[in-house]
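Down below is the structure, laid out as structure tokens.
Here is the naming used below: chain letters follow the sequence lines, and residue numbers restart at 1 for every chain.
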Amino acid sequence: MKNLIKKITFALGLSSFAIAVNAAELVVIVNPANPATSMTSAQASQFFLGKSPMFTPVDQAESSPLRAEFYKKICDKDPSEVKAIWSKLVFTGKASAPKEYHSNAEVKKAIAANPTGIGYIEVSAVDSSVKVITALH
Amino acid sequence: MTIKPYIALLAMSAAVSTAWADDDSRFTISGFGTAALTATNTSDAEFARPNQAAGVTTSPRTGPDSNFGIQLTAKATDWLSFTGQGLVRKNVTDNFGAELAWAFAKAKVSDNLSFRVGRVGLPVYMISDYRNVGYANTMIRPPVEMYTQVPMESLDGADVVYQNSFGETSITAQFAYGKTDSDNYAGFTAKLRNMSSINLVAENGPFTFRFGRVDAKLTIDDYSGLNTIVGALTKYGFSSIANNMVVNDTKASFTSVGLGVDWKNIVVQAEYGKRKTASIAVPDTTSWYTMVGYRIGQFLPYVNHASATQDSARTVAGLPTTGPLQVLAIGANSVASAAPLQTSNSIGVRWDFNKSAALKVQIDRMSPGAGSNGTFINVKPGFTGPVTVYAAGIDFVF
């Protein structure tokens, strides 16, 4: 398993992260067709906080610990703060809240199917159907 | 209250059942609400939100701060969608009534550009669009000193929204054009025509900067107090003063700036706005507030200071101050000083006790200025203030 992770991260040109890899490490993923190659977590957070419509964010399930960890890491916010931010956009009809998927595999499938999709999964779930653009520590 | 909003709500609830039957999720239904109790420490005046006909005194009531909204969005194609929002609250009458808050068709032309046609939110203030969504806000209500300046909440017409990111800064520019009619709790109707609205928002990390400007031609219909004094002034030869008081196709504007900060545990929200009109019956005013909060886990305690002052004269010059005609001056001055003068200090806490619900408790100390009843209504003779307002409520979204 560890070998596999190393291979994948190496293949993605992220070998420097391989040392730090553990099961809970999260990565931000996009569709392989997306021209973006990397971005800062501040840039990535714009999509997940509804500040930029360029990419379509998808979320993990509300009850998922990955979701809480992701928002803590990417923008230092609790899920309830994120929900309050989205409710500002939703109830003005300016945007719809991110769709929820219930596993890494489902998120990956949604991103692989949507050229403008952006999501987050555990690094161990990464495969060639998606492209990693940010790793979160 | 007319029948129309009910029909809209019925249509929406019919659509809800469709939404739940629909698997491809072309319909999204979402809702929000606040269940709150509000009370004050005086029986001499009622505390109410802007444009409510009835408020509260010493017995706790649900009226001022409770509401319920439901929103349906139907996606017709990738680029075309329809959104309707119904809102139930107490407003210009002393009943919980249903209103059609917004109803618009939205065409997304590109990732950066969209057009909306129908009834859209009128972005007078920084939190205009979600002022009724308690869950989206820190405080239990928008500061009444500022949000009473322009009570209109929507615009019937069209708008264009441009959104783009430059590095880590995102820009939203909105331009709207249309009209709106607003019934006032005092019994008159304010009509805004040729209304244009510019709303610019820049967000960078924890900072949000906002500039807004609304221009319109304002006409006030059926304001018997105003009509009486204008008629009397004209009759007794003060027609130039009368002309300055008439509100008919009168130039009116509201200019405001806002700041939001959400940096580490510190939360700041501040706005400053100026109202200007060409009639002395709708006084020029300045209003502002600053809220500072500090997040401690799921708790967000905050303090707020708000102020409303009048820039134009509260007395009308050139009228006799003695003799039988001084009644004209009294009448004219009461019209020219109709804007509330008030400052308030508030303290409160928001507790996110649940994933989709928050509990808020807020205490305000509101001090009407000299010669003003502040934002209080149904005032008894001799009322002065200051007044303490207590409120507790639960905000939820679904």
Side-chain angles (χ1 to χ4, degrees), chain A residues 34-36 39-65 67-68 71-72 74-101 110 113-118 134, chain B residues 25 28 30-32 69 71 73 75 81-85 101-102 104 106 108 110-112 114 116 120-121 123 127-130 132-133 135-138 161 163-165 167-170 172 174 203-206 208 262-265 295 297-298 300 350 352-358 395 397:
Chain A
N34 193 313
M39 59 175 75
T40 64
S41 55
Q43 284 170 333
S45 74
Q46 290 186 353
F47 306 110
F48 290 94
L49 298 176
K51 290 177 181 177
S52 171
M54 270 165 63
F55 296 171
T56 312
V58 305
D59 238 331
Q60 298 266 3
E62 186 154 23
S63 54
S64 166
R67 178 151 157 180
Y71 285 107
K72 194 80 208 159
I74 200 159
C75 55
D76 196 25
K77 290 190 191 305
D78 290 333
S80 59
E81 290 173 55
V82 174
K83 194 158 196 167
I85 289 168
W86 274 104
S87 60
K88 291 177 184 178
L89 298 166
V90 168
F91 294 113
T92 56
K94 284 189 175 147
S96 316
K99 252 189 199 172
E100 283 179 20
Y101 293 92
N114 182 356
T116 65
I118 186 167
T134 309
Chain B
S25 67
T28 12
S30 37
F32 60 87
Q71 177 171 304
T73 296
K75 231 172 141 80
S81 63
F82 300 90
T83 298
Q85 186 187 103
W102 359 108
F104 55 81
K106 177 179 171 181
K108 194 177 163 185
S110 74
D111 282 346
N112 302 117
S114 57
R116 302 189 298 174
V120 300
I127 61 168
S128 284
D129 284 2
Y130 52 92
N132 295 309
V133 185
Y135 187 84
N137 288 292
T138 305
V161 179
Q163 210 181 4
N164 209 346
S165 326
E168 287 170 12
T169 303
S170 60
T172 306
Q174 179 183 9
E203 290 176 90
N204 183 302
T208 303
D262 195 340
W263 181 69
K264 293 184 189 285
N265 293 322
R295 201 174 264 119
Q298 301 299 326
L300 175 51
R350 172 185 170 130
D352 282 283
F353 68 93
N354 177 285
K355 281 195 171 112
S356 301
D395 301 310
V397 287

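- Within the 3.5 Å criterion, the main-chain N or O of B:N204 finds no donor-acceptor partner in the side chain of A:K51.
- Ranked by heavy-atom pairs under 4.5 Å with chain B, the first of A:K77, A:E62, A:M54 is A:E62.
- When all heavy atoms of B:V397 and A:F91 are compared, the closest pair comes out as CG1-CE1, 3.8 Å.
- Summarising the geometry, atom CD1 belonging to B:I127 is positioned 12.5 Å from atom OG1 belonging to A:T92; distances are rounded to the nearest 0.5 Å.
- Residues of residues 39-48 of chain A lying under 4.5 angstrom from chain B, judged on non-hydrogen atoms, are A:T40, A:A42, A:Q43, A:Q46 in numerical order.
- Comparing B:T73, B:D111, B:N132 by how many heavy-atom pairs each has under 4.5 Å with chain A, the most go to B:D111.
- Scanning for side chain to side chain contact (heavy atoms under 4.5 Å, CB included) contacts around A:N114 gives A:T56, A:T116, with sequence neighbours left out.
- Residue with the most contacts toward chain A among B:G69, B:G31, B:G297, B:A357: B:G31 (heavy-atom pairs, distance under 4.5 Å).
- Here OG1 of B:T28 is found 9.5 Å from NZ of A:K99. Values are rounded to the nearest 0.5 Å.
- For A:V90, the side chain to side chain contact (heavy atoms under 4.5 Å, CB included) partners two or more places apart in sequence, or in a different chain, are A:A97, B:S30, B:Q71.
- Using a 4.5 Å cut-off between heavy atoms, B:E168 touches chain A through backbone and side chain atoms alike.
- When the candidates B:K108, B:R295, B:Q298 are compared by the number of heavy-atom contacts under 4.5 Å with chain A, B:R295 comes out ahead.
- For B:T169, the part sitting under 4.5 Å from any heavy atom of chain A is the backbone (N, CA, C, O) and nothing else.
- Proximity to chain A involves both the backbone and the side chain of B:K355, based on heavy atoms less than 4.5 angstrom apart.
- Heavy atoms closer than 4.5 Å to chain A are found nowhere in B:D395, neither backbone nor side chain.
- Close approach to chain B, defined as a heavy atom under 4.5 Å from one of its heavy atoms, is seen in A:D78, A:S80, A:E81, A:K83, A:A84, A:S87, A:K88 of residues 78-88 of chain A, taken by number.
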